[in-house]
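Reviewing the structure listed below.
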Amino acid sequence: MLIATWNVNSVNARMGHLLVWLQARQPDVVCLQETKTVDDAFPRAAIEEAGYHVAVHGQKSYNGVAILAKTPIEDVQRGMGDQVLDVQARLLAGTVSGVRILSAYVPNGASLKDEKCLYKVAWLSGLRAHLDERYSPDDPLVVAGDFNVAPRDVDIAEPQKWHKTVLAHPSMREAFARVTDFDLVDVYAAHHPQGGNYSWWDYRTASYERGVGGLRIDGILATAKVSGRAISAHIDHQERAKERPSDHVPVLMRLVAEPTRETSDR
DNA sequence: ATGGTTGCTTAGCAA
């Protein structure tokens, strides 16, 4: 089972790349972020023709999340059940093959002294509260998305440049850690302790084209029931080299087909 | 300290 997350920066603008990538990669589950469209304008038919069930939670112009899956998506839930935090479409949940999947688009926060940064912290806090309320660390649960936080220095090409920004400031890492403290494993980090690979490059500095910079601000968090099945994690950085790419690339993890038996060596 | 680019929407915002 292959599970992926990708901030596509407009699903309609990225349809060409998305369909080619789905065909080549054949992921079983895909969490999308920044779809940037209302649900009526989501390119559902073309994705269904590619062999996927589709669940969407979008809004006009900004934000927007989706889940694609080869098998049916059950018990779809939009938002986290918070009147204020749900104004922006940033969280979508669905159950696929018995695994609860959350597609999450954490607020960027703009700058440390911007009000948006307070919203970012509140949103992460709300997500933790939502996990506490609705789920147990014993559930098979995945939270995949754009975290807008690089959890470790090895997730940043030039860490010192980013420590005073919203993507890597200690206060932001703390806010993010409160989510993972629910008992979620950062699967990419667990499989790549040395880091050095990234999922986002700023358009404005052309850092990807220049072969410098990059941050891993996207990832897949999972409870033990799921992380114990993860046999590999990968970043599809070649997507960033295409013409008119998203500024983010896909992050993936592969699970063994069947849950491993905890008592198999008994 | 500022600006650089992209996308949505059409001047300005968000990232």
Side-chain angles (χ1 to χ4, degrees), chain A residues 5-19 21 31-44 46-47 56-66 84-92 103-124 127 144-151 155-158 160-169 171-173 175-176 198-219 236-251:
Chain A
T5 182
W6 192 5
N7 177 324
V8 288
N9 186 19
S10 170
V11 67
N12 282 303
R14 221 61 59 204
M15 267 310 271
H17 292 329
L18 177 60
L19 289 175
W21 178 79
C31 294
L32 299 178
Q33 300 85 35
E34 266 202 283
T35 51
K36 289 187 167 180
T37 177
V38 294
D39 295 351
D40 284 348
F42 193 97
R44 172 185 288 272
I47 292 173
V56 293
H57 179 40
Q59 66 181 87
K60 189 180 178 184
S61 306
Y62 302 117
N63 309 313
V65 282
V84 173
L85 299 174
D86 286 342
V87 169
Q88 301 185 8
R90 294 181 176 274
L91 188 71
L92 176 67
S103 180
Y105 176 38
V106 177
N108 172 286
S111 77
L112 290 169
K113 49 187 151 196
D114 195 299
E115 274 189 13
K116 293 194 188 76
C117 199
L118 298 175
Y119 184 76
K120 178 180 192 172
V121 173
W123 196 92
L124 286 165
L127 176 59
D146 175 0
F147 303 134
N148 267 314
V149 174
D155 294 315
I156 312 178
E158 301 157 306
Q160 68 293 343
K161 278 192 183 179
W162 293 91
H163 280 157
K164 52 176 148 340
T165 76
V166 291
L167 298 184
H169 191 270
S171 65
M172 299 294 103
R173 285 177 166 169
F176 179 68
Y198 315 112
S199 65
W200 174 84
W201 292 261
D202 198 338
Y203 285 133
R204 292 170 287 192
T205 52
S207 62
Y208 185 86
E209 293 83 343
R210 293 187 291 114
V212 298
L215 293 85
R216 188 187 67 88
I217 55 176
D218 304 86
D236 272 350
H237 60 85
Q238 80 286 349
E239 285 299 318
R240 193 63 175 80
K242 296 192 170 173
E243 208 170 312
R244 286 251 162 209
S246 170
D247 44 354
H248 297 251
V249 299
V251 179

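All chains are named by letter (A, B, ...) in the order of the sequence lines, taking the proteins before the strands, and each is independently numbered beginning at 1. Just so it is clear, the values below take in all heavy atoms, side chains as well, and ignore hydrogens, waters and symmetry mates. The structure presented is a predicted model; accordingly, all values stated were derived computationally and were not measured.
In terms of position on DNA chain B, the residue among N108(A) and N9(A) whose nearest nucleotide sits closer to the 5' end is N9(A). Nearest-nucleotide positions on DNA chain B place V11(A) closer to the 5' end than the other of V11(A) and E34(A).
In this structure the side chain of D146(A) reaches within 4.5 angstrom of the side chain of I217(A), judged on heavy atoms. Within the 4.5 Å cutoff, the side chain of V65(A) has no heavy atoms near those of the L32(A) side chain.
A straight line from CZ of R204(A) to P of dT6(B) spans 11 Å, rounded to a whole angstrom. Summarising the geometry, the separation between CD on E243(A) and C1' on dT6(B) is reported as 14 Å, rounded to the nearest angstrom. In this entry the distance linking CD of Q59(A) with P of dA15(B) reads 10 Å, nearest Å. Rounded to whole angstrom, the span from the CG atom of N63(A) across to the P atom of dA14(B) amounts to 10 Å. Distance CD (E115(A)) to C1' (dC13(B)): 15 Å, rounded to an integer number of Å. For N7(A) and dA14(B), the CG to C1' distance is 12 Å, given to the nearest whole Å. The CG-C1' distance, from D146(A) to dA15(B), rounds to 10 Å in whole Å. Regarding D247(A), its CG atom lies at a distance of 14 Å from the C1' atom of dG4(B), rounded to whole Å.
The separation of dA15(B) from dT9(B), taken at their C1' atoms, amounts to 16 Å, rounded to a whole angstrom. Distance check on atom P: dT10(B) versus dT5(B) gives 23 Å, rounded to whole Å. Rounded to whole Å, the separation between the P atoms of dA11(B) and dA1(B) comes to 32 Å.
For S246(A) and H248(A), the side-chain atoms include no donor-acceptor pair closer than 3.5 Å. Defined by atom type and a distance below 3.5 Å, a donor-acceptor pair is missing between the side-chain atoms of N108(A) and K120(A).
Within 4.0 Å of Y105(A), counting heavy atoms only, lie sugar-phosphate atoms of the nucleic acid but no base atom. No engagement by R210(A) is indicated, since no non-hydrogen atom pair under 4.0 Å with the nucleic acid exists.
Among W201(A), Y198(A), W200(A), the one residue that satisfies the side chain to side chain contact (heavy atoms under 4.5 Å, CB included) test with Y208(A) is W201(A).
Of the candidate nucleotides dT9(B), dC8(B), dA14(B), dA14(B) has the atom nearest to the side chain of K116(A). Checking dA15(B), dC8(B), dT5(B) against the side-chain heavy atoms of S10(A) singles out dC8(B) as nearest. The side chain of K60(A) has dT9(B) as its nearest neighbour among dT9(B), dT6(B), dC13(B). Of the candidates dG4(B), dC8(B), dA15(B), the closest approach to any side-chain atom of T205(A) belongs to dG4(B).
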